[in-house]
Amino acid sequence: MEKSFDPRSFEARLYQSWEQQGYFSPASANENLGEPFCIQLPPPNVTGTLHMGHGFQQTLMDLMVRYQRMQGRDVLWQCGTDHAGIATQKIVENQLAAQGLDRKTLGREEFLKRVWAWKEESGSTITKQMRRLGSSCDWTRERFTMDPGLSAAVRRVFVQWFRAGLIYRGNRLVHWDPVLQTAVSDLEVENREKDGSMWHIRYPSVDGGAGLIVATTRPETLLGDVAVAVNPDDTRYSHLIGTMLQLPLCNRLIPVISDAYVDKDFGTGAVKITPAHDFNDFAMGARHGLTPISIFTLDAKVNENGPASYQGMDRFAARKQILADLEAAGFLIETKPHKLQLPISQRSDAVTEPMLTDQWFVDLTNKGRSQITEPALDAVRSGHIKFVPENWSSTYTQWLENIQDWCISRQLWWGHRIPAWYDEAGQIFVGDDEVDAIKHSSLTPQGALRQDNDVLDTWFSSALWPFSTLGWPHETPEQALEWSDFKRFLPSNVLVTGFDIIFFWVARMVMSSLYFVGRKPDGSFEPEFATLAQRVPFKTVYINAIVRDAEGQKMSKSKGNTLDPLDLIDGISLADLLEKSTATLMNPLDREKVEKRVRRDYPNGIQAVGTDALRFTFAALATHGRTINFDLKRCEGYKSFCNKLWNAARFVLMNCEEVQFTSAAKPPLASSAERWITGEFGRMLTEYHAQIALYRFDLAAQALYDFTWNEFCDWFLELAKPALTGGDAAAKFSMQHTLIYLLEALLRAAHPIIPFITDEIWHSVAPKLGQTVDEQTSVATQSMPQAIDFAHDAISDAEILWLKEVLLGLRRIRAEMNISPAKAIPLLYSGGTELDQSRMQLHEHNIAFLAKIETQRMLAPSENEPQSAAALAGSLKLLIPLASLIDVDAERSRLDKELVKLALEIAKCETKLSSDTFVSGAPTAVVAQERQRLADFSAKQTQLAAQRAGFAG
RNA sequence: GGGCGCAUAGCUCAGCGGUAGAGCACUACCUUGACAUGGUAGGGGUCACAGGUUCGAAACCUGUUGUGCCCACCA
């Protein structure tokens, strides 16, 4: 083994070998099948690149699947990518724009060719990056949401829901993105607070009276006003209800209506009603039988319904002009600053416009409520799906309780084209294809059919991911073969995802799975999927925290504070990092600021830490909070941990060169140190397994870290040294055996978190235990060590505890007396029980070796103690005679310091014990424990005080 | 307006009823034969605040303050 841990020297080679050996695929049907375990990867955008969120999520998933494989489960980690409609189409459109082209001149067919070409070219980027992370998903089953099979599933769902009356087409008000020129769902619209104005505008009465003053933040929509509403109880305006107003700037009369929705105390208490461009107004217009007037074209310019002078004007320009005209005409009464929530389309950053258009919807509120929405609520309420952390379930249920119908049509080209056709009379035919559509319709087509131009929301196909990836709906013979996997791996065990897509994705997977999984044509369910519990797509939803930068800022390319997981793995120079961080800034003016921060945070760029260190960091940060702040310092610390493990292995192997064991059976554990560390390992495993079961990967990682560094390396390897270098061949042989044996087990335990380094070392270690190991073998296929095989031994534990106390005491004396570690010193024992004395004899060699003691002996009862620095191990006093070594003043102040500490502890105990309420109220065990503490402290105090008395002055 | 979080050492965070913890940072000493990506020994906290429950609260309850996120139609 190399002296230093160098991940680059083995990571790529090992991954390639794992993949080639097929370690990531579940067992085939003729093998001995374990209990199935399945995780489905949230499919990343096919043209995306790996970011820290992916890295974090995938580390956790990989940790779980590797762990479960080693627990003997038959594991499927289903992977694939998403076509990501808008995002992907935009990338290609931008490329075209750079060449002076646009999709419309190219035509639909040619444009789609280009998108597919781009997908083929860049689609493997992210899957290659996933391999760098060590993700052990089954690449042989990789799927893409626009694969033929998945596309068939999409059509099937659409058609079935349509025929069941759960998908409908309607002319509704939707969120419209005027830049992308498509409808978007309410989830894709973000409200951002902006400083705006509230304008008060007079709408005079038709008879020339004062009329009403309305308050609005969108004066340009006045062109589409059909009424002014007031509260029915508002006595200021009751006389006007039912009268007509003259709409300013327009040659139109509109009525004053009354509606309880209007808040008397907000604004002027009078609201202009624009049903075609406001969701509330639309509802109110419907209540009052008012016909909406659309005033904008699809790119948000005033259309033919507006007065001629405004037609063709962009909505923001129109606002300016209308305000100017109102002012000129004396209708603008007041302008007040006002904070408003601007609806912004997530994909384009454009202000969306409510627009009346023909769109397709999934009914989730009428018939769909009982058939789709309610089951999805029940699955969580009844606990068939559990959220981790638990509180996310209320986020989920509250959203579903208030859900709206889902607008699923998008006016894009890249995606699943809606399987609906229109005849020349505008009649709708829905089916798998044109023929199927006609066959299943009661209508007779008039003239030629043309297919709907729109595509489905990307999330429509993502919603089917759990079952569409497993071959649903199993109609061809080829798909039918997958039916056994389908039954076997659904429901999957755990879904790992971010809270930001609970609504977009998680809820919709639940809805579609509960409806379609195992559903027969007659609407009943296959016996394997008869219950809700059997049809849920996953049993647990683990909501991972969002990764932020070290300062807690959201990572964003436009802010220039992202970290690329691969840059942590491979390292990056400062120059390259600067270049990368400033390449995609939203505001180029930030460049200087970003550069300054990068220079401050990464003065030397980023050193390569390797995949394992990054993975360990992710695991260690995986607390159940909402956010984790990614601190590079922490990552470097875990690289040191890898190095520590590497060197511990080197030490073990160097000391075992000449030995060879024939089996992996438990060694004889000749010494108390061996028995103690074995028990410690068992304790660690208990904790480790328990924490993984609770999804506390941070605590599991910590258990591993603590054991490896603080017990195995710091104590056991040190305790091993005297045996390895001493003359007792049998003791040495046993020690060698235990070292190899525990190291091998430790590597197996750690493998799920740090797969590369453990496998690399394991290849050198396992042969020592008689295992045949070659390039095709891997620790990944070994079994996970179990706590029950590493029992502890109380006597050895106590003995090693005692030995630690002795060594710690001696070290402290050395440190505080400033005695060079190189200097051998004499040691005298005084007092102590018989047990202390026997232990002292037993460990004489260890103590001499580990504390560099040149001579040691017990003082005879008759002998006087020489002036010494002292430490205590139980009631045994350890004395380092002063003679020329020790500074009397230093020892005096050291003793004083310790006595002060003791007095403090004793006072605390005494206060507690002198309280009647404590003694009578607390459990007897707690009281007894407190008494014991006091006794121990007092004894120690007595000893030290006596020692201190020897240094009078 | 609803909902959900968070506030513990300089920093990042565990702990969630019985002696305040880890990593990093800091101080001193040490290149000893696994590891200086190291070793040894240290310093550092009225656990945001105020009440309450309890023999006992960092932990449980209530409120306050600060802070973050999500949802929502106040024009």
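Throughout, a chain's letter reflects where its sequence line sits, starting with A, and its residues are numbered from 1. These values consider heavy atoms only, across backbone and side chains, with no hydrogens, waters or symmetry-generated copies.
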message: Under a 3.5 Å cutoff, is there a donor and acceptor pairing between the side chains of A:Gln932 and A:Asp936?
response: yes

query: Is A:Lys804 salt-bridged to A:Glu718, cutoff N-O under 4.0 Å?
result: no

- request: Using modelled atom types only, decide if a donor and an acceptor are shared between the side chain of A:Lys272 and the backbone of A:Pro219 within a distance under 3.5 Å.
  value: no

- prompt: Quantified in whole Å, what is the C1' atom distance between nucleotide B:G51 and nucleotide B:A57?
  reply: 13 Å

query: Between B:A34, B:U37, B:G3, which nucleotide gets closest to the side-chain atoms of A:Gln398?
result: B:G3

query: With both distances kept under 3.5 Å, what pairs with B:A57, Watson-Crick or G-U wobble?
result: none

field: Base paired to B:G23 (Watson-Crick or G-U; both N/O distances under 3.5 angstrom)
entry: B:C11

- request: Answer with base, sugar-phosphate or nothing: what part of the nucleic acid does A:Lys633 contact at a heavy-atom distance below 4.0 Å?
  value: sugar-phosphate

- request: Please state how far atom CZ in A:Arg811 lies from atom P in B:G42, giving the value in whole angstrom units.
  value: 10 Å

field: Expected output: side-chain A:Ser915 to main-chain A:Thr911 donor-acceptor under 3.5 Å
entry: no

- request: Remember a base hit wins even if backbone is also touched, and classify A:Leu717 as base, sugar-phosphate or nothing at under 4.0 Å, heavy atoms.
  value: base

- line: note: A:Phe499, atom CZ; B:C71, atom P; distance rounded to Å ~ 9 Å

- request: Please determine, for the side chain of A:Lys901, which listed nucleotide (B:C55, B:C35, B:G43) has the closest atom?
  value: B:G43

field: Donor + acceptor pair across side chains of A:Gln736, A:Glu658 (<3.5 Å)
entry: yes

query: Looking only at atom C1', what distance separates B:A14 and B:C71, rounded to whole Å?
result: 31 Å

Interatomic distance, A:Tyr638 OH vs B:U37 P [rounded to whole Å]: 19 Å

message: Checking contacts here: which listed nucleotide (B:C55, B:G23, B:A75) is nearest the side-chain heavy atoms of A:Pro923?
response: B:C55

task: Starting from the 5' end of RNA chain B, give me the residue, A:Arg696 or A:Ser394, whose nearest nucleotide shows up first.
output: A:Ser394

query: Within less than 4.0 Å of OP1 or OP2 of B:A75, is there a side-chain N or O belonging to A:His338?
result: yes

message: OP1 or OP2 of B:C13 versus the side-chain N and O atoms of A:Asn629: is any pair under 4.0 Å?
response: yes

query: Base, sugar-phosphate, or nothing for A:Val927, non-hydrogen atoms under 4.0 angstrom?
result: nothing

task: Measure from the side-chain N and O atoms of A:Asp405 to the backbone N and O of A:Leu364, and report whether any donor-acceptor pair falls under 3.5 Å.
output: yes

message: Nearest to the A:Pro821 side chain among B:C30, B:C35, B:A75, which nucleotide is it?
response: B:C30

query: Counting only Watson-Crick or G-U wobble pairs whose two distances fall under 3.5 Å, which nucleotide matches B:G38?
result: B:C30

query: Could you state the CZ-P distance from A:Arg548 to B:U67, rounded to the nearest angstrom?
result: 16 Å

task: Please say which of A:Phe503, A:Phe499, A:Phe387 ends up in a ring pair (Phe, Tyr, Trp, His ring centres under 6.0 Å) with A:Trp392.
output: A:Phe499

task: Answer with base, sugar-phosphate or nothing: what part of the nucleic acid does A:Phe849 contact at a heavy-atom distance below 4.0 Å?
output: base

message: Does A:Cys909 reach a base, just sugar-phosphate, or nothing at all? Heavy atoms under 4.0 Å.
response: nothing

task: Would you please confirm or rule out a distance under 4.0 Å between OP1 or OP2 of B:G42 and any side-chain N or O of A:Arg812?
output: yes

query: Across all strands shown, which nucleotide pairs with B:G1 by Watson-Crick or G-U wobble geometry, both distances under 3.5 Å?
result: B:C71

query: C1' atom, B:U62 versus B:A22: distance in rounded Å?
result: 32 Å

query: In whole angstrom, what separates A:Asp714's CG from B:C35's P?
result: 15 Å

message: Checking base pairs now: Watson-Crick or wobble, both atom distances under 3.5 Å. What partners B:C47?
response: none

- request: Decide if the gap between the ring center of A:Tyr638 and the ring center of A:Tyr705 is smaller than 6.0 angstrom.
  value: yes

query: So which one's nearest nucleotide on RNA chain B is more toward 5', A:Asn818 or A:Asn280?
result: A:Asn818

message: I want to check one thing: is the phosphate of B:A34, taken as OP1 and OP2, less than 4.0 Å away from some side-chain N or O of A:Lys721?
response: yes

message: Check for me whether A:Lys721 meets the cation-pi criterion with A:Phe651, that is, NZ or CZ under 6.0 Å from the six-membered ring centre and within 45 degrees of the ring axis.
response: yes

query: Quantified in whole Å, what is the P atom distance between nucleotide B:A9 and nucleotide B:A20?
result: 16 Å

- request: Give one of base, sugar-phosphate or nothing for A:Thr395, where a contact means two heavy atoms less than 4.0 Å apart.
  value: nothing

query: Is any side-chain N or O of A:Ser640 closer than 4.0 Å to OP1 or OP2 of B:G38?
result: yes

field: A:Thr221 side chain to A:Thr274 backbone, donor-acceptor under 3.5 Å
entry: no

Same-atom distance (P) from B:G3 to B:G44, integer angstrom: 44 Å

Euclidean distance for C1', B:G17 against B:G66 (whole angstrom): 27 Å

message: Quick check for you: among B:U19, B:C74, B:C13, whose closest atom lies nearest to any side-chain atom of A:Lys908?
response: B:U19

message: Below the 4.0 Å mark, does B:G39 have OP1 or OP2 next to a side-chain nitrogen or oxygen of A:Trp709?
response: yes

query: Considering only side-chain heavy atoms of A:Phe503, which listed nucleotide, B:C73, B:C71, B:G23, is closest?
result: B:C71

- prompt: Does a donor on one side chain and an acceptor on the other come within less than 3.5 Å for A:Ser185 and A:Glu188?
  reply: yes

task: Using a 4.0 Å heavy-atom cut-off across all strands, classify A:Phe266 as base, sugar-phosphate, or nothing.
output: base

task: Please state whether the phosphate of B:U12, meaning OP1 or OP2, lies under 4.0 angstrom from any side-chain nitrogen or oxygen of A:Arg634.
output: no

message: Are more than 12 heavy atoms, taken from residues, nucleotides or ligands other than A:Lys194, located less than 6.0 Å from that residue's NZ atom?
response: yes

For nucleotides 51-54 of chain B, which of its nitrogen or oxygen atoms have a protein nitrogen or oxygen under 3.5 Å away, and what is each distance?
none

Nearest-Å distance for atom pair CZ/P, residues A:Arg814 and B:U40: 14 Å

Nearest-nucleotide pick for A:Ala922, side chain only, options being B:C24, B:C55, B:A34: B:C55

- request: Could you give the distance separating B:U65 and B:C26 at their C1' atoms, to the nearest angstrom?
  value: 32 Å

- request: Side chain of A:Tyr705 only, please: which of B:A34, B:G23, B:A14 is the nearest?
  value: B:G23

- request: To the nearest Å, give me how far apart NZ (A:Lys852) and P (B:U40) are.
  value: 17 Å

field: Euclidean distance, atom CG of residue A:Asp265 to atom P of B:A75 [Å, nearest integer]
entry: 15 Å

- line: Per atom distances to the A:Asp263 side chain, the nearest of B:A75, B:G39, B:G3 is B:A75

- prompt: With sugar-phosphate meaning primed atoms plus P, OP1 and OP2, does A:Ser4 contact a base, only sugar-phosphate, or nothing at under 4.0 Å between heavy atoms?
  reply: base

- prompt: Using the P atom in both, what is the distance from B:U40 to B:G23, to the nearest Å?
  reply: 11 Å

message: Once you apply a heavy-atom cut-off of 4.0 Å, does A:Glu718 come out as touching a base, just sugar-phosphate, or nothing?
response: base

message: The side chain of A:Glu816 is closest to which nucleotide in this list: B:C74, B:C35, B:A41?
response: B:A41

